[in-house]
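These figures come from a predicted structure and were not determined experimentally. Protein chains get the first letters and strands the later ones, always in sequence-line order, with residue 1 at the start of each.
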Amino acid sequence: MPELPEVETIARGLAKRVTGDVIESVWLGQKKEPLKSPASQIAAALEHTRIRQVHRMGKHIVFDLENVRTSKSNGRKPNAQWIVHLGMTGRLQVCDPETEIAKHTHAVLKLSSGRELRFVDPRRFGRLSVATKTEFDATGIEPLEIDLARFIPLFRGRKTPIKSALLNQKLLRGVGNIYADESLFRSGIRPKRRAATINRDKLAKLHSAIQEVLKEAIALGGSSVSDYVNADGEEGFFQLQHRVYGREAEPCLVCKTRIKRVVIAGRSSHYCPKCQK
DNA sequence: ACTATTTCCTGGATGC
DNA sequence: TGCATCCAGGAAATAG
C-alpha cells in the first residue's frame, strides 16, 4: 500500500530512469476505472512530450512534461503534467518492449530510448490523470514541510478520531494507515482520541513523530507489506521497524502489553493500550 | 462545514 | 482439492 515514503521512493527511482526521455506514443486499456479523464485526452497530453522531472506530491507521482516539436505536432499545446496515483496495488515499471505485458496493465508509454513505461494495477484503485491548464496541486499540506505552528490548528475543533484526521488528505497529504499508526504509537496517543482533545504538548510530539517516521521510512525505501517494490523492483525495509502496524496480539516492544487492533473509519488501527492514552 | 458510512476492485488467506 | 467467504484500504460518493 504505497503511502508517502513508498511513493517518494518510487518517484526518485523513476526520475533516475526516465528523466529526459521522450514519450512517443501511448496505449491505454479499456477499463475506465484508472482513468480520470477520457483516454484520448490523456494520450494526447502525453504524446510527443519530454519528461523534464518526476516528483511526488502527497501520494501522487507527478511527471512534468515539455512539448517536443515534431512534424506532426507544431508544439502549440501547453506543457502538461501526468499525475499517477498508485492506489493500493498500482505499479509503474520501466522495461524493454519484449517484456511480457503483465496482467492488469492499463497503460503503456513508448519512450524514445526504446524502453516502455507501464502502469499495472490489479485492483484498479489507482488513477491516471493529466493537468493541462494549471499546475497540479494536491490538497493538504506536505507532512515533511509543515511546521508546528501550522500543524496544531489542523486539529482544532475536530471531533473525529485523530487516526481519521491523519488519514484525511485535505489536512496532511501522504500519510496513510501504516504511518498514522506508527506515528501515534511514537507520540503515545490512542488512535480513537478525538483530535480536538489533544493538547499542544502531545500535538508537538505527534508532529515530530510523523516527520521522524516518514524520514526513517524513506531512508529504508518504504515498507514492503503486500507486494510493494520500488522502481527497480526492490523491496523496502521499513516493515522491519513497525512497532504496532500488523502486530496485533504481539507484545509491545516497550512494555510487552498485547498490541490491540480496532477498526476506525473502516481501517485497521493498531496500538498499545498501555503506552498510548 | 463536518463526520460517518458505503462503495469500488482482485488476489491471497482461511475455513469447511 | 475445491469452493465460498473474508479481508486488505485510498479516496470518492453518499447520507446524515
Does this structure show an ion pair linking A:Glu182 with A:Arg186, if we count only N-O contacts that are shorter than 4.0 Å? no
Hey, would you say the A:Phe238 and A:Tyr179 ring centroids sit under 6.0 Å apart? yes
Between P on C:dG10 and CZ on A:Arg56, what's the gap in Å once rounded to a whole number? 15 Å
Provide, to the nearest angstrom, the distance between the NZ atom belonging to A:Lys159 and the P atom belonging to C:dG16. 19 Å
How close or far is atom C1' of B:dC9 from atom CG of A:Asp121, stated in whole angstroms? 9 Å
Give the rounded distance in Å between these two atoms: CD1 of A:Ile162 and C1' of B:dT3. 15 Å
Go through B:dC9, B:dA4, C:dG10 for me and flag the one nearest to the A:Thr160 side chain. B:dA4
Base B:dG11 paired with A:Arg123 side chain (donor-acceptor, <3.5 Å): no
Donor on one side chain, acceptor on other, A:Thr160 and A:Arg158, under 3.5 Å: no
What I want to find out is whether A:Arg261 reaches A:Asp181 closely enough, with some N-O distance under 4.0 Å, to be called a salt bridge. no
Round to a whole Å and report the spacing from CZ of A:Arg261 to C1' of C:dC6. 12 Å
Expressed as a whole number of angstroms, how long is the span from A:His60:NE2 to C:dG10:P? 13 Å
Which whole-number value in Å describes the distance from A:Phe119 CZ to B:dC9 C1'? 12 Å
Note: for A:Ser164 and A:His104 on DNA chain B, the residue whose nearest nucleotide lies more 5' is A:Ser164
Distance, rounded to the nearest Å, where A:Ile264 contributes CD1 and C:dG10 contributes P: 13 Å
So if I take every side-chain heavy atom of A:Arg124 and compare against C:dA8, B:dT10, B:dT3, which nucleotide ends up nearest? B:dT10
